[in-house]
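First comes the structure, then the notes that go with it.
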2 protein chains.
Amino acid sequence: MPNTIPLNQEISLSVIKTACSNCNLRELCLPFGLSLEELERLDDLISTRRRIKRGDHLYRAGEPFDAIYAIRSGFFKTDVLLEDGRDQVTGFQMAGELLGLDGISTEHHTCNAIALEDSEICAIPFSRLESLSREIHNLQHHFHKVMSREIVRDHGVMMLLGTMRAEERLAAFLLNLSQRFTARGFSHAEFYLRMTREEIGSYLGLKLETVSRAFSKFQEEGYIAVQQKHIRILNVSGLKALMNHRA
Amino acid sequence: MPNTIPLNQEISLSVIKTACSNCNLRELCLPFGLSLEELERLDDLISTRRRIKRGDHLYRAGEPFDAIYAIRSGFFKTDVLLEDGRDQVTGFQMAGELLGLDGISTEHHTCNAIALEDSEICAIPFSRLESLSREIHNLQHHFHKVMSREIVRDHGVMMLLGTMRAEERLAAFLLNLSQRFTARGFSHAEFYLRMTREEIGSYLGLKLETVSRAFSKFQEEGYIAVQQKHIRILNVSGLKALMNHRA
DNA sequence: TTTTCCGGTTGACATGGATCAAGCCGACGC
DNA sequence: GCGTCGGCTTGATCCATGTCAACCGGAAAA
């Protein structure tokens, strides 16, 4: 299991009580750049840690918003539904990333967040986060950066959906996953996909058959080895070249 | 000229000095929900008003970020460029909307902002906005809402690019423009497009010919009347129906 | 062990939109 | 007034991806 976050083995009171200050994701997640003392104040704010089983919703579109969620372990997707039944996966989120930022705008969630494997999240009451970030400049600034990063990420997806062809999209997707796994200390070259071909397709604006064919093509070309959801990347620069090739 | 923001005729010192407190966009823009006193503090923060001529850049991808911009009058597009020359319009912005939020994340702008007509913007130094929003809760909260709204908007575009067909995309685009013009007190049924068919196409992930054909089709069906960039919407529900029709 | 089912792969064919190409129209310079 | 040019429209053809369908294989249920 190359990409399962190793949970703390020694379950002690202190582990349960303190949230951020000894979380191994603190360099990726909201606490980034905070001092020890600031970190402890953030700890107080994390009201709940909650387990979400694979397939369960963390929240649904339309529900009132009052907290954002940090993923402590596991893997999620977010999707948006149209009345006519069409849906679009808007993102895949992994440990250290935040969920629920879309809800701030209307005070209701605007998408569904669904666990793709058994996961654990930290709920961060939003009004308390706002109060605390009025006091801790670093927290305020970092939170703004996280929101902005989400906007930039979305622009990347728009670029992908608007101008790239099928194989470029899948290559970009794999490279992005690889890079995010690397940032979490996992192999950049070998990982398990948590989502189905259909979910990948929905995210990339493609049908599952097209995704499947692109995987096969990449394998033929020797860029990757695919075995169901187990992916090994054999030729990173090959994938990268594929993306920039087309004029 | 149905959609030109009427500028204050009496150019007086006070008009030049005070920015937000007598701006007719204050209900749309950043000052939303602030008290008179808070508004005056926000005024102090607006360092510059600047005119941008049609075709000029407000900022370019890669430039250091230090301010966000509120559009006082005019019309902009933002776009992202890939190394291989492909580009994607990521949005069209009109009076009362904010530009530059993408730059917070890396402290560099990640897209280009270009005026599509002679425009006027208010520069809001970001670090000062952060300070002030530590003091004015309403400002902090509203700013968070604005960022979140941008994320939600981007999800809408992803939906559009990922699951809709050409005519649905254009219908969604026209209805969105119409709704935004309405919010600014203009006719919801009649407006001038500030962008070319090519720019619309780039935004919608289509080629300009496809956009043009879709316009013609809508006209044939009696949904709209098109005359170059002058659009009249004749049948709103027809356009709406077009969007939800397909399973 | 056998059956069922779900996710995935692969093939044959259909089609929406891209591409290529010609021509139109209004704005602008000469 | 005339030529040029950019933005737009329209037609003919092409092709990437969608659609439909068959089949496979592993996992869970029987």
Side-chain angles (χ1 to χ4, degrees), chain A residues 54-55 75 77 85-89 114 116-117 160-174 192-221 224-231 242-243 245-247, chain B residues 54-55 75 77 85-89 114 116-117 160-174 192-221 224-231 242-243 245-247:
Chain A
R54 175 186 157 142
F75 209 101
K77 70 168 178 182
R86 283 182 288 187
D87 74 329
Q88 164 93 17
V89 171
I114 298 149
L116 294 181
E117 64 180 9
L160 186 143
L161 292 171
T163 76
M164 293 186 178
R165 43 196 50 242
E167 290 177 15
E168 295 176 292
R169 295 185 199 187
L170 188 64
F173 174 71
L174 291 174
Y192 283 93
L193 298 173
R194 295 291 132 97
M195 68 296 279
T196 65
R197 302 289 189 261
E198 187 169 19
E199 286 162 335
I200 297 173
S202 170
Y203 181 62
L204 298 178
L206 303 169
K207 292 293 158 182
L208 68 96
E209 293 94 332
T210 307
V211 174
S212 180
R213 279 184 243 271
F215 269 124
S216 302
K217 180 82 178 308
F218 287 176
Q219 180 151 253
E220 280 166 32
E221 307 276 349
I224 63 175
V226 193
Q227 209 174 9
Q228 306 274 84
K229 301 195 167 178
H230 180 209
I231 304 288
L242 215 153
M243 282 178 54
H245 204 48
R246 181 107 185 151
Chain B
R54 173 185 161 146
F75 209 100
K77 70 168 177 181
R86 281 181 291 187
D87 74 329
Q88 165 94 17
V89 172
I114 298 148
L116 295 182
E117 63 180 10
L160 186 142
L161 292 171
T163 76
M164 292 186 180
R165 42 195 52 245
E167 290 177 16
E168 294 176 293
R169 295 185 199 187
L170 188 65
F173 173 72
L174 291 174
Y192 284 93
L193 298 173
R194 294 292 133 95
M195 67 296 280
T196 65
R197 302 288 190 260
E198 187 168 21
E199 286 162 335
I200 296 172
S202 171
Y203 181 62
L204 299 179
L206 302 169
K207 292 293 158 183
L208 69 95
E209 293 94 332
T210 307
V211 174
S212 180
R213 279 184 242 270
F215 270 124
S216 303
K217 181 82 179 305
F218 288 177
Q219 180 152 252
E220 279 167 33
E221 307 276 347
I224 63 174
V226 193
Q227 209 174 9
Q228 304 276 86
K229 302 196 165 177
H230 180 209
I231 304 286
L242 216 154
M243 284 180 53
H245 204 48
R246 183 104 185 153

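Proteins get letters first, then strands, A, B, ... in listed order; numbering begins at 1 in each.
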Using the salt bridge (Lys or Arg N to Asp or Glu O under 4.0 Å) criterion, which residues pair with B/Glu209? Sequence neighbours excluded.
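Once residues adjacent in sequence are excluded, B/Glu209 has no partner under the salt bridge (Lys or Arg N to Asp or Glu O under 4.0 Å) criterion.
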Measure from the side-chain heavy atoms of A/Ser212 and tell me the nearest of D/dC8, C/dT9, D/dT9.
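The answer is C/dT9.
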Side chain of B/Lys207, heavy atoms from C-beta onward: which of D/dC8, C/dT10, C/dA18 has the nearest atom to it?
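Within the option list, the nearest is C/dA18.
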Run the side chain to side chain contact (heavy atoms under 4.5 Å, CB included) test against [X] and tell me which residues pass, sequence neighbours left out.
X	answer
B/Gln219	B/Ala225, B/Val226
A/Glu221	A/Lys217, A/Tyr223
A/Thr163	A/Met159, B/Arg86, B/Gln88

Base, sugar-phosphate alone, or nothing: which one does B/Leu208 contact when heavy atoms must sit under 4.0 Å apart?
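Counting heavy atoms under 4.0 Å across all strands, the contact made by B/Leu208 includes a base.
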Students often get this wrong, so: under 4.0 angstrom with heavy atoms, is A/Gly205 touching a base, only sugar-phosphate, or nothing?
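It contacts sugar-phosphate atoms only.
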Would A/Met195 and A/Phe75 count as a side chain to side chain contact (heavy atoms under 4.5 Å, CB included) if you check the C-alpha gap in whole Å, the side-chain angles of each, and the deciding distance to 0.1 Å?
CA-CA 9 Å; A/Met195 68 296 279; A/Phe75 209 101; 3.7 Å; yes
Could you tell me how far apart [X] ([atom1]) and [N] ([atom2]) are, to the nearest whole angstrom?
X	N	atom1	atom2	result
B/Arg86	C/dT19	CZ	C1'	16 Å
B/Phe218	D/dT9	CZ	P	13 Å
A/Met164	C/dA18	CE	C1'	18 Å
A/Arg165	C/dG16	CZ	P	19 Å
B/Glu198	D/dC8	CD	P	9 Å
B/Glu199	D/dC8	CD	C1'	14 Å
B/Leu193	D/dC8	CG	C1'	13 Å
A/Met195	C/dG8	CE	P	11 Å

For the side chain of B/Arg213 and the base of D/dG11, is some donor closer than 3.5 Å to an acceptor across the two?
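Such a pair exists between side chain and base.
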Compute the angle between the rotation axes at the two ends of the helix from C/dT1-D/dA30 to C/dC30-D/dG1, each taken over five pairs, rounded to 10 degrees.
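Nearest ten degrees gives 30° for this helix.
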Rounded to the nearest 0.5 Å, how far apart are CE of B/Met243 and CG of B/Leu170?
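Result: 11.0 Å between the selected atoms.
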Does B/Lys207 have any side chain to side chain donor-acceptor pair (under 3.5 Å) partners at least two apart in sequence or in another chain, and if so, which?
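Partners of B/Lys207 by the side chain to side chain donor-acceptor pair (under 3.5 Å) criterion come out as none, since no residue qualifies.
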Under the side chain to side chain donor-acceptor pair (under 3.5 Å) test, residues paired with A/Lys229 that sit two or more places apart
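Counting only residues at least two positions away or on another chain, A/Lys229 forms no side chain to side chain donor-acceptor pair (under 3.5 Å).
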Between protein and nucleic acid, restricted to nucleotides 21-25 of chain D and to nitrogen or oxygen atoms under 3.5 Å apart, what atom pairs and distances do you find?
none

Considering heavy-atom distances to DNA chain D, does B/Arg197 or A/Glu167 have its closest nucleotide positioned more toward the 5' end?
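Final value for this comparison: B/Arg197.
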Report yes if a side-chain nitrogen or oxygen of B/Thr210 is closer than 4.0 Å to either non-bridging phosphate oxygen (OP1 or OP2) of C/dG17; otherwise report no.
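The answer is no; no side-chain N or O of B/Thr210 sits under 4.0 Å from OP1 or OP2.
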At under 4.0 Å, does any side-chain N or O of B/Lys229 touch on OP1 or OP2 of D/dG7?
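Result: no.
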Within the side chain of A/Arg169, is there an N or O that forms a donor-acceptor pair under 3.5 Å with the backbone of A/Met164?
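Pair found, side chain donor or acceptor close to backbone of A/Met164.
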So which atom in A/Leu242 and which in A/Glu167 form the shortest heavy-atom distance, rounded to 0.1 Å?
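The answer is CD2-CB, 3.8 Å.
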